[in-house]
Peer 1: 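Okay, here's the structure, questions in a sec.
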Amino acid sequence: MDEQAEVLYRERKQRILDAVALRKPDRVPIVSPFQLFPYTYAGVPFREAMYDYAKAREACHKFVDDFQPDADFGPVLAYAGKPMDTLGLKWFRWAGHGLPEHAMYQFVEGEYMTAGEYDEFLYDPSHFLASKWLPRSFGALAAFSDFPAMRRMMWFGWTGLLAGLARPEMRQALAAALQAGEELAEWFASLARYAAEIKAKGFPQAYAGFSWTPFDLVGDTLRGTRGIMGDVIRRPEKLLQAVEKATPIAIEYGLSAAGADLPLCWIWPHKGSAGFLSDRQYARFYWPFLREVIEALVARGVIPVIYFEGDETPRLKHLAEVPPGKVWFHFATMDMARAKEVLGGIACISGNLPSHLLLTGTPEDVRRCCRSLIDTCGRDGGYIMDTSVMVDEAKPENVRALFDFTREYGVY
Amino acid sequence: MKDLLVQAIADIQEDEALTLAARLLDAGAPAKTILDACREAMCIVGDRYERREYFLPELVVSGETLKRIAALIRPEAREAAATEPLARILIGTVAGDIHDIGKEIVAFMLAANEFEVRDLGVDVSASRFVQEVKEARPDILALSGFLTLAYDSMKETVAALSTAGLRDQVKIMIGGAPMDDGVRDYVGADAYGPDAMAAVRIARRFAGGG
Ligand code: B12
């Protein structure tokens, strides 16, 4: 790595670590998950980015070179199209699969676990996921509905397991799984290569792991919004047990960030924002489990980045319970002065620059907004500049204003 | 017993509400009694939601309770018992968008406020809206959209109604997280509302000829 790049890398990383530790960095760091924008900016149709990994890397390099974020996501947010095709992924629509070639993918929510299946999930989550969730999620894995239960492998149970795997339909499903696995290995290699390339240019990777809030693991992945909201009233005990079961799983996901150079683990909470649950429901079903995940990750040196996309104003008092100087909260809709007041000395905060301003506003609007954010909550560290939600469409001159102005005005 | 039914629905006692409704029907209570109880209960639920005593769990469950109670009543009886609504409203989430929670709350509150609501669901194409407007002749069309792409879907829907010569026959209101009056101008709708109570106010204004 050339010497100058190495210095820049260390500076950028330290800037983020300082902000999280509530120390004053040299200036306000800027880290933002731009999703579709890097590709439109580079003139690469999103569909191409999902299938041609080299093209995706190229587009992301252009974004990094031109805007110089303090840490970068790269192609991970574009996902890999090939394995999704191979497996016939059902809970996504994406460019070429129900959406035009420039479109961002969309999650299609459903009930991938019925209300009557809680006990099955609780008894053996792995087998439930293999035999119910996989076939419901992937057309090519329909045969997994007869997947032999691994828990019965003991003594001569392995005979049934292996015979089950050798059935013709299962062979076909396994062949598809293997093919998708190879395609995924190619994608992971591309991500690793990109990370090494930007590191050589002096940029840290913005993520080392991803995880979920336990309530959303159950709500987003299994029950769906309507399902889980009904369960809060109809079967609170079962729901609590499932959220409890999901908690160590969420911790396990997040610990993949442990030991990383910049150990950021991103969590996107969904169903706990204002308007979804009452404070009592939030305090019972949502927060204790999210807090447990945060604490477990912090204990292992991971920095949880909790990327709230709704309005968390009524939850601030709970958020103030996290270990000080170890957590980064991102807010979409929030009175940032109030957030600073409640969380100052406790957690680093980021976000709140309205993403639509990057599309509909002028560079002057963007600068004005950045200035006010830095003035309100960036004055003595503990703030990272970021948009309100992930950026798809934006005018390049506005994005430039965001980065340039923050670098200039955000100096401490 | 009718009051108990109102209370059970409003207090989100689903099983009790269903049992009570079935018992009332068995005892020969007219469909109108049950439907009135549902309407009364809906008003209370809507009110508690407005006052932030209720949240999504209560709305989801009470909404489904109402549907299950309505299903206990024979369709002819249901029709005969129907009261004259303030106006008839067609609602749906526009093409390309599958968010439906906000839309359902709007539909719920409109129905609680004596509007007849027909819900077309999500990802409703412009041509489907046109066809339904042609057939059902609603007074008001309510469009929900939550994604940026919904701006254009709404614009197309309004344009398709114009092309079909139906634009003058319905008042159109829009809503959903990223909408505002600017978007209303852009799509050519008559009104924008930020939340479900606004939807009710706008619908009342439209129904009053405003
Ligand atoms: C829950 C949710 C989902 C769920 C939807 C579940 C469901 N069955 O509806 C799932 C997980 C499926 C989902 C998927 C996606 N979502 Co989403 N989702 C949300 C979320 C978190 C909450 C929406 C909600 O239900 N709010 C609660 C209700 C009560 O509020 P409301 O929707 O605002 O409705 C009120 C008012 O708007 C108004 N209203 C609504 N309709 C109408 C109509 C009229 C006539 C009137 C007057 C008023 C009115 O009254 C309602 C009640 O008061 C929002 C973020 C947010 N906080 O708003 C994002 C959000 C809407 N989603 C977003 C995105 C990007 C997506 C995805 C593309 C993500 C992805 N990449 O997969 C997909 C798209 C799927 C699709 N094709 O539609 C973005 C939209 C950004 C944009 N401007 O384009 C948001 C804003 C999140 C964000 N901050 O980025 N999502």
Side-chain angles (χ1 to χ4, degrees), chain A residues 36 91-93 98-100 102-104 106-110 115 215 219 223-236 239 270-282 284-286 309-311 313-314 332-333 354-356 358-361 388-394, chain B residues 8-18 45 48-65 67-68 93 95-105 108 121-123 125 146-153 176-183 185-186 194-196:
Chain A
L36 185 66
W91 41 252
F92 249 33
R93 293 197 300 189
L99 293 179
H102 286 283
M104 189 64 216
Q106 299 182 348
F107 174 53
V108 182
E109 205 182 54
F215 187 85
R223 295 287 293 128
T225 311
R226 185 182 313 277
I228 199 164
M229 290 300 150
D231 294 342
V232 164
I233 288 178
R234 292 181 176 134
R235 43 192 78 79
L239 173 58
H270 296 120
K271 299 180 169 57
S273 300
F276 280 75
L277 300 174
S278 70
D279 194 55
R280 263 183 54 218
Q281 289 159 344
Y282 183 80
R284 181 170 178 211
F285 296 95
Y286 204 97
E309 291 180 292
D311 175 12
T313 312
T333 313
S355 297
H356 66 81
L358 294 183
L359 178 63
T360 57
S388 58
V389 295
M390 297 198 273
V391 179
D392 288 337
E393 291 161 86
Chain B
I9 304 172
D11 292 347
I12 324 293
Q13 300 299 322
E14 193 178 22
D15 294 338
E16 197 187 323
L18 281 162
V45 171
R48 291 182 184 168
Y49 174 71
E50 276 299 298
R51 292 209 309 263
R52 293 175 205 278
E53 287 167 30
Y54 280 178
F55 288 84
L56 284 190
E58 291 80 11
L59 287 186
V60 165
V61 173
S62 60
E64 289 176 12
T65 309
K67 277 188 197 143
R68 289 169 69 187
T93 301
D97 196 331
I98 59 163
H99 293 81
D100 64 358
I101 298 167
K103 179 209 66 187
E104 299 227 340
I105 292 175
F108 185 97
V122 297
D123 195 7
S125 65
F146 305 87
L147 300 170
T148 323
L149 63 81
Y151 302 164
D152 286 318
S153 302
M179 304 296 153
D180 57 27
D181 280 312
V183 181
D185 283 344
Y186 176 74
D195 55 37

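Just so you know, these numbers come straight off a predicted model, no measurement behind them. Throughout, a chain's letter reflects where its sequence line sits, starting with A, and its residues are numbered from 1.
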Peer 1: Do A:M104 and B:T148 have side chains that get closer than 4.5 Å, going by heavy atoms?
Peer 2: no
Peer 1: Would you say A:H356 and B:P178 make side-chain contact, with heavy atoms under 4.5 Å?
Peer 2: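 The answer is no; the side chains never approach within 4.5 Å.
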Peer 1: Would you give the length of the straight line joining atom CD of B:E53 to atom OG of A:S278, rounded to the nearest 0.5 angstrom?
Peer 2: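 Output value for this atom pair is 11.0 Å.
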Peer 1: Chain A heavy atoms under 4.5 Å from B:E104: which part of the residue, side chain, backbone, both or neither?
Peer 2: side chain
Peer 1: So which of B:I98, B:D97, B:L147 actually passes side-chain contact (heavy atoms from CB on, under 4.5 Å) with A:Q106?
Peer 2: B:L147
Peer 1: Would you say that B:I101 contacts A:T225 through its side chain, given a criterion of any heavy-atom pair below 4.5 Å between the two side chains?
Peer 2: yes
Peer 1: Measure across A:L277 and B:P57 and return the closest heavy-atom pair with its distance rounded to 0.1 Å.
Peer 2: CD2-CG, 3.9 Å
Peer 1: Given that the side chain runs from C-beta out, which part of A:E109 has a heavy atom under 4.5 Å from chain B: side chain, backbone, both or neither?
Peer 2: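 For A:E109, the contact with chain B is made by the backbone alone.
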Peer 1: Highest number of heavy-atom pairs under 4.5 Å with chain B: which of A:V108, A:D392, A:I233?
Peer 2: A:I233
Peer 1: Is it the backbone or the side chain of A:R280 that comes under 4.5 Å from a heavy atom of chain B, or both, or neither?
Peer 2: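 Neither part.
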Peer 1: Please classify the contact of B:D195 with chain A as side chain, backbone, both or neither, using a heavy-atom distance under 4.5 Å.
Peer 2: neither
Peer 1: How long is the straight-line distance from CE of A:M229 back to CD of B:E64, given to the nearest 0.5 Å?
Peer 2: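 One gets 12.5 Å once the value is rounded to the nearest 0.5 Å.
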Peer 1: Does B:L56 reach the side chain of A:F276, with side-chain heavy atoms less than 4.5 Å apart?
Peer 2: yes
Peer 1: Are A:R226 and B:D100 side-chain neighbours, meaning at least one heavy-atom pair lies under 4.5 Å?
Peer 2: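 Of all side-chain heavy-atom pairs linking B:D100 with A:R226, at least one is under 4.5 Å.
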